[in-house]
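Start at 1 and go down the list; that is how both ligands and their atoms are numbered. For reference, positions follow the sequence shown, starting with 1.
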Amino acid sequence: MESSKLKIIKKRDVLKFLDSIKKEYDIFVPMEKNSGIRFSRFNLEKDIPWNYRNAKISPKEIFFPKTETLFSFEAGTSIISDGGKTFTSVNEPKDSFPETKDYLIFGIRPCDAQAYSLLDKLFGGDDFQDPYYLEKRKKTTIISLACNKPQSTCFCTSLKGRPDNEEGADIILFDLDEDILAKPITKKGEKFIENLNSWFKEAKEADIEKKNKLMDLSLKKIRSGVDLQHIKEKLDKTFDISLWNEIHQKCLGCGICTYLCPTCYCFNITDEMDHEAGVLATSRGKRIRCWDSCMFPLFTLHASGHNPRPTYKERMRQRIMHKFNYCPENFEEIFCIGCGRCIRNCPVNIDLRETLVLLMSFQSLGKNKKN
Ligand code: SF4
Ligand code: SF4
């Protein structure tokens with residue numbers, strides 16, 4: 001990349017910069033909420049928490065909300081509102097996703113941008129195209145913010161990640177204290193900066209050196225890692241091993257690990273009828289999609305009453321196998337980006353890294369016992 005493409009914007013100007021483009025873009029930024037960080041609509045009054053550790057709830061919810069109306073219907077007639085066009089989220093007012101505006105996601109961490117590129121393979125794959133996800137995704141510019149302070153639970157470097165990973169983002173920013181260095185990654189990112197050139201000046205050699213030093217330092221702070229070489233092939237042989245009897249023992253089945261995970265995508269679809277005062281149920285309703293979790297017993301319960309994953313053991317195995325064996329089989333990608341959310345937030349301290357080490361070493365010792 002030519003260094004002339006690297007730009008500098010003053011940190012103190014960023015809020016004004018975002019405010020100047022809010023007519024064209026629906027902007028999402030990291031925001032302090034309920035003593036944590038959550039991606040929310042830009043508000044000039046709220047500063048960007050530049051040093052934030054990662055958001056607890058991953059920004060996958062921007063494209064794939066936890067609850068989403070697919071369409072409305074009236075019994076005996078046809079669909080009355082095509083959710084594929086209106087994208088109404090039940091948590092947002094109807095006009096909160098105006099069709100005319102593009103989206104700008106500003107300041108997501110590189111691992112979460114990488115997660116989008118994985119979700120793209122699922123929701124925008126050759127076999128199935130999900131219009132609800134894709135319509136939002138294709139009109140979005142993603143500006144990531146490199147990590148200066150990785151957490152002890154981060155292990156992105158085991159999964160093709162780095163504090164300055166560029167995958168999934170159009171532009172990546174680097175926090176140099178008073179200045180922000182912007183590096184365009186895609187053509188879309190280059191065009192975005194070109195169109196708003198008056199806010200930026202060219203980066204100097206000293207800025208680039210500072211950025212490189214910061215990133216070297218940040219990389220060194222990622223101390224935890226797991227050797228995941230050939231994990232798919234190793235897991236191919238583990239479906240029946242007795243180790244699964246131990247791995248799930250502490251699990252409560254709360255589903256937190258899957259709800260917070262930026263690459264988990266399981267969902268349920270239900271029809272909900274509208275209610276009116278004095279009427280038990282009207283003939284109008286909505287088809288709703290909401291997040292689901294393979295850690296819940298009802299997730300695979302058949303109408304016959306049979307459940308192929310009746311205990312915690314099968315459900316824990318499914319979560320690990322799905323990410324590290326079935327997704328590599330179907331998408332040639334591990335569906336984990338090493339963000340550590342599941343580790344930080346599990347109420348009984350189940351550590352995915354430890355589980356993976358156990359599974360990997362179990363194989364290398366050749367203990368492939370049947371239950
Ligand atoms: S967060 Fe922990 S306890 Fe809850 S389902 Fe996941 S592994 Fe089990
Ligand atoms: S570390 Fe946990 S939460 Fe993060 S991507 Fe991997 S499985 Fe999901």
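Counting non-hydrogen atoms of other residues, nucleotides and ligands closer than 6.0 Å to NZ of K56 gives a total of 12 or fewer.
Taking every heavy atom of V348 and a limit of under 4.0 angstrom, the matching atoms of ligand 1 come to 3 (S). Near K323, the atoms of ligand 2 lying under 4.0 angstrom from a non-hydrogen atom of the residue are 7 (S).
At a heavy-atom cutoff of 4.0 Å, ligand 2 is contacted by the side chain of F155 but not by its backbone.
The ring pair (Phe, Tyr, Trp, His ring centres under 6.0 Å) test applied to F63 returns Y116, Y133, not counting sequence neighbours.
Annotation: F192 is in aromatic contact with Y25 [ring centroid separation under 6.0 Å]. The six-membered or imidazole ring of F64 lies near that of F123, with a centre-to-centre distance under 6.0 Å.
Given atom 6 (Fe) of ligand 2, the protein heavy atom at minimum distance is C336 SG, 2.3 Å. Scanning all protein heavy atoms for the shortest distance to atom 1 (S) of ligand 2 gives G340 N, 3.2 Å. Protein heavy atom nearest atom 5 (S) of ligand 2, with residue, atom name and distance: I337 N, 3.3 Å. The single protein non-hydrogen atom nearest to atom 4 (Fe) of ligand 2 is C339 SG, 2.3 Å, given as residue, atom name and distance. Counting protein heavy atoms only, atom 8 (Fe) of ligand 2 is closest to C261 SG, 2.4 Å.
Not close to ligand 2: L260, with no non-hydrogen atom less than 4.0 angstrom away.
In terms of heavy atoms, E68 sits closest to Y132 at OE2-CB, 3.8 Å.
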Under 3.5 Å, which donor-acceptor pairs do the side chains of residues 262-271 form with other protein atoms, sequence neighbours left out?
{"from": "T263", "atom 1": "OG1", "to": "K323", "atom 2": "NZ", "distance (Å)": "2.9"}
{"from": "T263", "atom 1": "OG1", "to": "F335", "atom 2": "O", "distance (Å)": "2.7"}
{"from": "Y265", "atom 1": "OH", "to": "H322", "atom 2": "NE2", "distance (Å)": "2.8"}
{"from": "D271", "atom 1": "OD1", "to": "R287", "atom 2": "NE", "distance (Å)": "2.6"}
{"from": "D271", "atom 1": "OD1", "to": "R287", "atom 2": "NH2", "distance (Å)": "3.4"}
{"from": "D271", "atom 1": "OD2", "to": "R287", "atom 2": "NH2", "distance (Å)": "2.9"}

Can you give me every donor-acceptor pair (side chain of residues 209-217, partner residue at least two apart or in another chain, under 3.5 Å) with its distance?
{"from": "K210", "atom 1": "NZ", "to": "L176", "atom 2": "O", "distance (Å)": "3.2"}
{"from": "N212", "atom 1": "ND2", "to": "I208", "atom 2": "O", "distance (Å)": "3.4"}

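For a distance threshold of 2.8 Å, the protein N, O or S atoms nearer than that to atom 6 (Fe) of ligand 1, listed by chain and number, are C257 SG.
Remark: R109 does not engage D112 in a salt bridge, criterion side-chain N to carboxylate O under 4.0 Å. The pair E24-K101 fails the salt-bridge criterion, with no side-chain N (NZ, NE, NH1 or NH2) lying under 4.0 Å from an Asp/Glu carboxylate O. Between K121 and E333, at least one side-chain nitrogen of the basic residue sits less than 4.0 Å from a carboxylate oxygen of the acidic one, meeting the salt-bridge criterion.
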